[in-house]
There are 2 protein chains.
Amino acid sequence: MTSRYGTRPTMKDVAAAAGVALKTVSRVVNDEPGVTAGTAERVRAAITELGFRRNDSARLLRTGSTSSIALLLEDIGDPFSSALSRAVEDIAAERGCLLFTGSSGEDARRERDLALAFCARRVDGLVVVPAGDDHRYLLPETEAGTPVVFLDRPAGGIDADTILSDNAGGARDGVAHLIRHGHTRIGFIGDLPRIHTSAERLRGYRRAMADAGLPVDERWIATGPTDPAHVTAALTRLTSAPQPVTALFTANNRITLAALHRLAHHRDRPALVGFDDLELAELLRPGLTVVAQDPAALGATAARTLFDRLGGDASPARRIEIPTRLIARGSGELPPPAR
Amino acid sequence: MTSRYGTRPTMKDVAAAAGVALKTVSRVVNDEPGVTAGTAERVRAAITELGFRRNDSARLLRTGSTSSIALLLEDIGDPFSSALSRAVEDIAAERGCLLFTGSSGEDARRERDLALAFCARRVDGLVVVPAGDDHRYLLPETEAGTPVVFLDRPAGGIDADTILSDNAGGARDGVAHLIRHGHTRIGFIGDLPRIHTSAERLRGYRRAMADAGLPVDERWIATGPTDPAHVTAALTRLTSAPQPVTALFTANNRITLAALHRLAHHRDRPALVGFDDLELAELLRPGLTVVAQDPAALGATAARTLFDRLGGDASPARRIEIPTRLIARGSGELPPPAR
DNA sequence: CTGAAAGCGCTTACAG
DNA sequence: CTGAAAGCGCTTACAG
């Protein structure tokens, strides 16, 4: 143990200790053929004695690939992002790839800074959950051969692989479910309409209503910020109108949560279907009926697409929609009040 | 745009294009002084024209630090791990550090492989949520100057900074809460006792009972695997004995979840306090009373400790306990049945 | 089977 | 103000 604190032995040190050339050490470390058993033994002894461990960053600089990819999320701390991460990590691990993760916090500027920082590290590829809507800043990177796959939301200004949930189809299914249970006046509470997922879910709502031949009163549709105060206000407006809605479709988990809080003390609860599943949904009374996304499939598909590109797939950019699943647990099967 | 696909321009290319030396390009890229405005302008033009972006991996090889740290979790996909990640990422970002994350899946072997892979990349430091109980494999790394901070569970065979929840104190608070509400026969359902957090929480249970002068019947204590089947069996045993317990302390979120499922159809529900908070806990009827950990504080403290070490702090290894918080919502305030 | 030289893309240390 | 040389820790390409 001669290593001074903070100084690591290099192949050069090992070579000197074993009385061989650098290249011979490299051969032993990498299990390359062409080293006598005796020489290899001497080298291994020196490696153990010095506590040598190969510097992979140096190795990878020479090699050209970094064996790492980056995943840029909205917020690694939320359950949806973390489920995506796990799926991406598993696929990366199969390929011997390490994973950088980073959170944009919905800030387009931070998304850009992080993405470019990852590219500057020369990650082999990038999976991005977009925060902003202009991704032309990534064009030089993709042109230089760093593949980028967009996840959960579409990118702007760049033609690249995109993996999305079937937002419109899922919302349509959820609303159709409410219609099947006798509802005709159905409210929609959603996020800002400029957000792609939000617009798609609203489209699904309209489609379900149209498919059933039901008219839509525009006052039944509330889009805007998803903080509890706004959601609560929208909910009150929809349920206390002269002709109140008898059912609600809440278009994401934050909205569903706020609505549940508001409805907890509500008599004559409207039926409710939410987009996104929640942890204790089946333990509520009534159980919460949801349109669940499949984050594991989203993440895995994004990662596989990325590795396909790294493997040389040069076909046109793909756009893949992952199906959602309706889980009926009670709240979506409440009948409308008898008139 | 002369970049061929897959080939990135280097400082050498920029230098040639601008008709200057490599070093001058470096100066411009790094905003170092000592370049005339005109020269700098020529260099910048060449950078833009070629689409040059500095290779930070190469830079960092020369510099010695990688400006990255790694966080090794049990499973990035679970809410506790992801909350830790976010906290660590925020502190790392303040320092301009990128974050590798990886999941051991509770497998000691995988923990080791991942930790050493990160060390081989020469991350500046490592935060590890232990899966195994022998971490001597990290001794050469810490000796070589790579600081390691252990999080959520203690390490084995290595003297290093450790950040833990106050598991014993939290469990004691939860059980004392049940005692204050009139319970004397209180069941404990916990994980395998060889797991540190599990043993500590059991210790807290015993302490609360002893502090109140209450005897403990060993049949009230069930430790073992935390799959729903085992938990349900334990629960049935505890609540259907001749002298059943009137209250339960469930020692982690998986156990609490399984217990809630089992109790949903139960008349004369026992009071319940769970260790770990759950997302919809306050919307249940009764609301779920919990002892909540503070993953944000755990992660932030671990990351700060790591950066203290990187900043040169060479004081003895620290062991920091983060307080828990009792959140009363109803289930823990149910009285024992009148006799 | 073994090794000396060149190079991955940068920064450091020094000279003009 | 500018640059030529050496070096970070490895691998590649080639020679003996």
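The analysis underlying the following values was restricted to heavy atoms, covering all of them including side chains, and did not include hydrogens, waters or symmetry mates.
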- Look at B/Thr39 and D/dT2 and indicate whether a side-chain polar atom (N or O) is within less than 4.0 Å of OP1 or OP2. yes
- Query: Separation of A/Leu60 atom CG from D/dT12 atom P, in whole Å?
  - Reply: 11 Å
- Which one is paired to D/dG3, where only Watson-Crick or G-U wobble pairs with both distances under 3.5 angstrom count? C/dC14
- Would you please say whether a donor-acceptor pair under 3.5 Å links the side chains of A/Thr66 and A/Ser68? yes
- Message: Regarding A/Asp134 and A/Arg136, does a basic nitrogen lie under 4.0 Å from an acidic carboxylate oxygen?
- Response: yes
- Between NZ of A/Lys12 and P of D/dA6 the distance, given in whole Å, is 14 Å
- Query: What is the distance from CG of A/Asp31 to C1' of C/dC1, rounded to the nearest Å?
  - Reply: 17 Å
- Query: Taking only N and O in the side chain of B/Thr24, is any of them less than 4.0 Å away from OP1 or OP2 of D/dT2?
  - Reply: no
- What does B/Ser57 touch in the nucleic acid at a heavy-atom separation under 4.0 angstrom: a base, only the sugar-phosphate, or nothing? nothing
- Message: Can you identify which nucleotide, out of D/dC1, D/dA13, C/dG9, has its nearest atom closest to the B/Thr10 side chain?
- Response: C/dG9
- Note on the structure: Rounded to whole Å, the NZ-P distance (A/Lys23 to D/dT12) equals 7 Å
- Does the pair A/Asp90/A/Arg86 count as a salt bridge with the N-to-O cut at 4.0 Å? yes
- What is the distance from CD of A/Glu32 to P of D/dT11, rounded to the nearest Å? 8 Å
- Message: Over all strands shown, is A/Asp56 touching base, sugar-phosphate only, or nothing at heavy-atom distances under 4.0 angstrom?
- Response: nothing
- Residue mapping more 5' on DNA chain D - nearest nucleotide basis, B/Leu22 or A/Leu22: B/Leu22
- Message: It should be established whether B/Arg59 places a side-chain nitrogen or oxygen under 4.0 Å from OP1 or OP2 of nucleotide C/dT11.
- Response: yes
- Task: Figure out the CG/C1' separation between B/Asn30 and C/dT12, and round it to whole Å.
- Result: 12 Å
- Under 4.0 Å between a Lys/Arg side-chain N and an Asp/Glu carboxylate O for A/Asp313 and A/Arg318? yes
- Assign A/Ala58 to base, sugar-phosphate, or nothing according to its heavy-atom contacts below 4.0 angstrom with the strands shown. base
- Query: Is the shortest side-chain N to carboxylate O distance from B/Arg122 to B/Glu141 below 4.0 Å?
  - Reply: no
- Establish whether the base of C/dG9 is bridged to the side chain of B/Arg54 by a donor-acceptor pair shorter than 3.5 Å. no
- Message: It should be established whether A/Ser26 places a side-chain nitrogen or oxygen under 4.0 Å from OP1 or OP2 of nucleotide D/dT11.
- Response: yes
- Taking the side chain of A/Val35 as heavy atoms from C-beta outward, which of C/dT12, C/dT2, C/dA4 is closest to it? C/dT2
- Once you round it to whole Å, what is the distance between P of C/dC10 and CZ of A/Arg62? 15 Å
- Task: Name the nucleic acid region contacted by A/Arg27, choosing base, sugar-phosphate or nothing; use a 4.0 angstrom heavy-atom cut-off, strictly under.
- Result: base
- Item | Check: B/Arg122 side chain, D/dG9 base, donor-acceptor under 3.5 Å | no
- Among C/dG9, C/dC10, D/dA4, the one nearest B/Leu61 by side-chain distance: C/dG9
- Are B/Arg121 and A/Ser67 linked by a side-chain donor-acceptor pair shorter than 3.5 Å? no
- Task: Take atom CG of A/Asp13 and atom P of D/dG9, then tell me their distance rounded to the nearest Å.
- Result: 8 Å
- Message: Quick check on C/dC10: is either OP1 or OP2 less than 4.0 Å from any side-chain nitrogen or oxygen of B/Thr63?
- Response: no
- Message: Check the phosphate of D/dC8 against A/Asn55, side-chain N and O only, distance under 4.0 Å to OP1 or OP2. Yes or no?
- Response: no
